[in-house]
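Quick caveat: nothing in here was measured; it's all calculated off a predicted structure.
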Protein chains: 2
Amino acid sequence: MTMTEAQHAYVDRVATFFTMFGSARAWAEILGWLMICEPAERTQAEIAADLGLSAGTVSTQLRTHVQLGMVEQVRVRGDRTQRYRLRSGAWYGVMASELERIRALGDLARAGDDILPRDRPERVTELGDLADFFAREWPPLMERMAAELDPSPSETRI
Amino acid sequence: MTMTEAQHAYVDRVATFFTMFGSARAWAEILGWLMICEPAERTQAEIAADLGLSAGTVSTQLRTHVQLGMVEQVRVRGDRTQRYRLRSGAWYGVMASELERIRALGDLARAGDDILPRDRPERVTELGDLADFFAREWPPLMERMAAELDPSPSETRI
DNA sequence: CAATGCTTTCAGGCATCGTTGAAATATGAC
DNA sequence: GTCATATTTCAACGATGCCTGAAAGCATTG
């Protein structure tokens, strides 16, 4: 499958967006392409050819996508080559994993308990209270989100 | 004011944390130090001396803190020198500004409407639905947060 | 088991960004 | 107005990280 002009433009838009937040260009292009390519499953070699990236770059950046849980390896029936695709619920997973970062922020705030400044201690405690608040609110929020977005997050078949 | 061992350890912990997410070391150290220094208001020269950073670095990184809304310039009564301090509600502001990023994600998803893949279009639409969900949930969440964390986010005086 | 194609690894080149030190500018004190 | 001090700007150095191209490693096919 060869890329249309509109598809190229979209990949570029996604790539530009995530690059602004510090992602590697190739990482972001692969993400954008895996969002819209057809079929959804692709080999590394195809991705490299489609986007004009070297095989090494695709290998490296695709691995980080897999580690982050955005992309999964699949085997297409009849074909034994390794293929990759955007995970169903990929975006959902990103939001769900926010809870870990919230907790880490709470730990960071509590680590300052020993040296709380007398002058405006809320500089530290505010962060802790904030983390506690989100740690409480996040799980029910995620449940509402799951209920609303996809009543049955079923496994996609090929 | 000279830094104690414990204070130094805390600044380092904060700096290590934010550096992991790609922040510049000096940026993160300044943030950590402004969280716990006493008094809370400090000049650039003091920060540079306290942390062992060059004046230029402090100037640059402090500006980004100000632009991000984490730090504000203040004038202490009696003293005419420029001082900086962590803004009251700084952490709150970070969370509140998330709404903009959520909206940007929604725009990104909608930009893909023209080229929705027939095969598994949810790769794109899921992101849009997610953004819509958060765009709806975020404002009331922020209100609850404001109510719970600080009933009166009054301006801090010197 | 040979051949082919795909993937991984890695050294080197390139670009970007953070930091410094010094010079220029601005600000406040006298 | 002049001096002293604080801040900003900027060129240059250094470090970090991305990307490539090539070589090595796997795996599937005939």
Side-chain angles (χ1 to χ4, degrees), chain A residues 1 11-12 14-34 37 39 41-68 71-85, chain B residues 1 11-12 14-34 37 39 41-68 70-85 158:
Chain A
M1 172 202 187
V11 169
D12 189 60
V14 173
T16 301
F17 182 87
F18 286 100
T19 301
M20 276 186 3
F21 295 112
S23 304
R25 177 87 198 172
W27 183 94
E29 285 190 6
I30 291 170
L31 175 59
W33 183 225
L34 285 181
C37 63
E41 294 77 22
R42 288 190 106 58
T43 66
Q44 288 196 18
E46 285 169 351
I47 295 172
D50 295 340
L51 296 173
L53 297 169
S54 75
T57 300
V58 173
S59 174
T60 305
Q61 298 302 333
L62 205 47
R63 178 175 33 238
T64 79
H65 275 302
V66 172
Q67 286 169 348
L68 288 171
V71 169
E72 61 190 354
Q73 283 182 34
V74 291
R75 296 261 181 198
V76 179
R77 235 174 109 80
D79 187 358
R80 298 256 173 74
T81 48
Q82 199 73 240
R83 291 182 174 277
Y84 295 83
R85 71 170 175 205
Chain B
M1 172 204 189
V11 169
D12 188 60
V14 173
T16 300
F17 182 85
F18 285 100
T19 301
M20 276 189 359
F21 294 112
S23 304
R25 177 87 198 171
W27 183 93
E29 285 189 9
I30 291 170
L31 175 60
W33 182 225
L34 286 181
C37 63
E41 293 77 22
R42 289 191 105 58
T43 67
Q44 287 195 17
E46 286 169 349
I47 294 171
D50 295 338
L51 295 174
L53 296 169
S54 75
T57 300
V58 173
S59 174
T60 305
Q61 298 301 332
L62 205 47
R63 176 169 41 232
T64 80
H65 276 302
V66 171
Q67 285 169 348
L68 288 172
M70 290 289 294
V71 168
E72 62 190 355
Q73 283 183 36
V74 292
R75 297 260 180 199
V76 179
R77 237 176 107 82
D79 186 357
R80 298 258 173 74
T81 48
Q82 198 75 240
R83 291 182 175 277
Y84 295 83
R85 72 170 172 204
I158 296 265

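- For the pair B/Q44 CD and C/dT19 P, the interatomic distance rounds to 15 Å; values are reported in whole Å.
- Summarising the geometry, the separation between CG on B/L53 and P on D/dT8 is reported as 15 Å, rounded to the nearest angstrom.
- Residue B/R25 contributes atom CZ, which lies 14 Å from atom P of D/dG17 at whole-angstrom precision.
- The side chain of A/Q82 has C/dT7 as its nearest neighbour among D/dT20, C/dG21, C/dT7.
- Residue-level contact check: B/A55 touches the bases, meaning some heavy atom is under 4.0 Å from a base atom.
- In this entry the distance linking CZ of A/F21 with C1' of C/dT16 reads 19 Å, nearest Å.
- Nearer to the 5' terminus of DNA chain D, by closest-nucleotide assignment, is the contact made by B/T60 (compared with the other of A/T81 and B/T60).
- Taking atom CZ on B/R63 and atom P on D/dT7, their separation rounds to 13 Å, with Å as the unit.
- Of the candidates D/dT8, C/dG18, C/dT8, C/dG18 carries the atom nearest the B/Q61 side chain, counting heavy atoms from C-beta on.
- Residues A/R42 and A/D50 come closest through the heavy atom pair NE-OD2, 2.8 Å.
- Computed from coordinates, the B/E41 CD to D/dA6 C1' distance equals 18 Å when rounded to whole Å.
- Ring-plane geometry between B/W27 and B/H65 is classed as parallel, the angle between the planes falling under 30 degrees on a 0 to 90 degree scale with a further cut at 60.
- Minimum heavy-atom separation, B/V11 to B/E29: CG1-O, 3.7 Å.
- Closest approach of A/E46 and A/E41 over heavy atoms only: OE1-O, 4.3 Å.
- Candidate nucleotides D/dT7, D/dG21, D/dT8 were compared by shortest atom distance to the side chain of B/T43, and D/dT7 ranks first.
- For A/R75, whose side chain is taken as the heavy atoms from C-beta onward, the closest listed nucleotide among D/dT28, C/dT19, D/dT8 is D/dT28.
- Closest to the side chain of A/A45, from the set D/dC19, C/dT9, C/dT7, is C/dT7.
- You'll find that the side chain of B/T57 is closest to C/dT19, out of D/dT28, C/dT19, D/dT8.
- In this structure, B/W27 places its CH2 atom 12 Å from P of C/dG18, rounding to the nearest Å.
- The CZ-C1' distance, from B/R83 to D/dT5, rounds to 13 Å in whole Å.
- Contact record, A/T19 with A/A28: OG1-CB, 4.3 Å, taken as the closest heavy-atom pair.
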